[in-house]
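Sharing a structure, written as C-alpha cells. Questions coming.
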Amino acid sequence: MKRLYLLRHGTADERPASGADDPRRKLTEKGRKQARLAAMFLERVGASRLSAICSPYARARKTAEEVAVALRNKIDLRVETRLAPSTSV
C-alpha cells in the first residue's frame, strides 16, 4: 500500500521586520533537529522508496536535505518551483 507523508519545513530564522516572507530564510538548529526527528519517524514506521518534492524556499529545501541525509540519501528529492507561494499552478 502506498502512503503519503506531508512534512512542513522546520523552524526557520525570524521574518524580517517588514513581516514579508523571505524565501532565503534558513533553518535554525532547532529546525535541523526537527528534520532529523522526522527522518527517525519515517524509519520507525518503515517508510521506504521515498520521493520528496519541496518548494525552492531555502528552509523547505534544507529540511528535505536534512531528512535525506538522516535517511542515508534513500530519497528521490525534487525541488518544484511551482510550490513557491508566489506562483500559480
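This structure is a prediction, so every number in the text was calculated from the model and none was measured.
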For this session: Taking side chain to side chain contact (heavy atoms under 4.5 Å, CB included) as the test, write out the residues that go with R49, two or more places apart.
Result: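 None.
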Exercise. With a 4.5 Å limit on heavy-atom distance, are the side chains of L50 and K74 in contact?
Worked result: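 A side-chain contact is absent here, since even the closest heavy-atom pair is not under 4.5 Å.
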For this session: Under the side-chain contact (heavy atoms from CB on, under 4.5 Å) rule, what do C54 and L83 come out as? Steps first, then yes or no, please.
Result: CA-CA 7 Å; C54 70; L83 291 177; 5.6 Å; no
Exercise. Under the salt bridge (Lys or Arg N to Asp or Glu O under 4.0 Å) criterion, do E29 and K33 qualify, and how do the steps go?
Worked result: CA-CA 6 Å; E29 181 55 40; K33 182 178 180 180; over 6 Å; no
For this session: Could you state whether V79 and Y57 fall into the same hydrophobic cluster, counting links through intermediate Ile, Leu, Val, Met, Phe, Trp or Tyr residues with side-chain heavy atoms under 4.5 angstrom apart?
Result: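 In one cluster: no.
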Exercise. Can you name the residues that form a salt bridge (Lys or Arg N to Asp or Glu O under 4.0 Å) with E14, not counting sequence neighbours?
Worked result: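 None.
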For this session: Could you pull out the closest heavy-atom pair between A52 and I75, with the gap in Å?
Result: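 Minimum heavy-atom contact is CB-CG2, 3.7 Å.
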Exercise. Quick one: are L6 and L4 in side-chain contact, heavy atoms under 4.5 Å?
Worked result: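 Counting from C-beta outward, L6 and L4 do come under 4.5 Å.
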Problem set entry | Trace of the side-chain contact (heavy atoms from CB on, under 4.5 Å) decision for R25 with R15 | CA-CA 8 Å; R25 287 192 302 139; R15 286 179 182 251; 3.8 Å; yes
Going by atom type alone, with no hydrogens or angles, which donor-acceptor pairs under 3.5 Å involve a side-chain atom of residues 37-47 and a protein atom two or more places apart or on another chain?
residue : atom : partner : partner atom : Å
E43     : OE2  : R72     : NH1          : 3.4
E43     : OE2  : R72     : NH2          : 2.5

Exercise. Under 3.5 Å, is there a donor-acceptor pair linking the side chains of E80 and S55?
Worked result: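 No donor-acceptor contact under 3.5 Å links the two side chains.
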Exercise. What are the two closest non-hydrogen atoms of L77 and A64, and how far apart are they?
Worked result: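 Shortest heavy-atom separation between L77 and A64 comes out as CD1-CB, 3.5 Å.
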Exercise. Is there a donor-acceptor pair closer than 3.5 Å between any side-chain N or O of T63 and the backbone N or O of A35?
Worked result: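 Not a single qualifying donor-acceptor pair exists.
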Exercise. Should V67 and Y5 be regarded as members of a common hydrophobic cluster, given that ILVMFWY residues are connected when their side-chain heavy atoms come within less than 4.5 Å of each other, either directly or indirectly?
Worked result: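 Yes: a chain of side-chain contacts under 4.5 Å links V67 to Y5.
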Problem set entry | Criterion side-chain contact (heavy atoms from CB on, under 4.5 Å) on K26 and R59, from CA distance to verdict | CA-CA 5 Å; K26 298 178 181 177; R59 57 191 177 268; over 6 Å; no
For this session: Could you tell me the separation between the CD1 atom of I53 and the CZ atom of R82, rounded to the nearest 0.5 Å?
Result: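 It comes to 9.0 Å.
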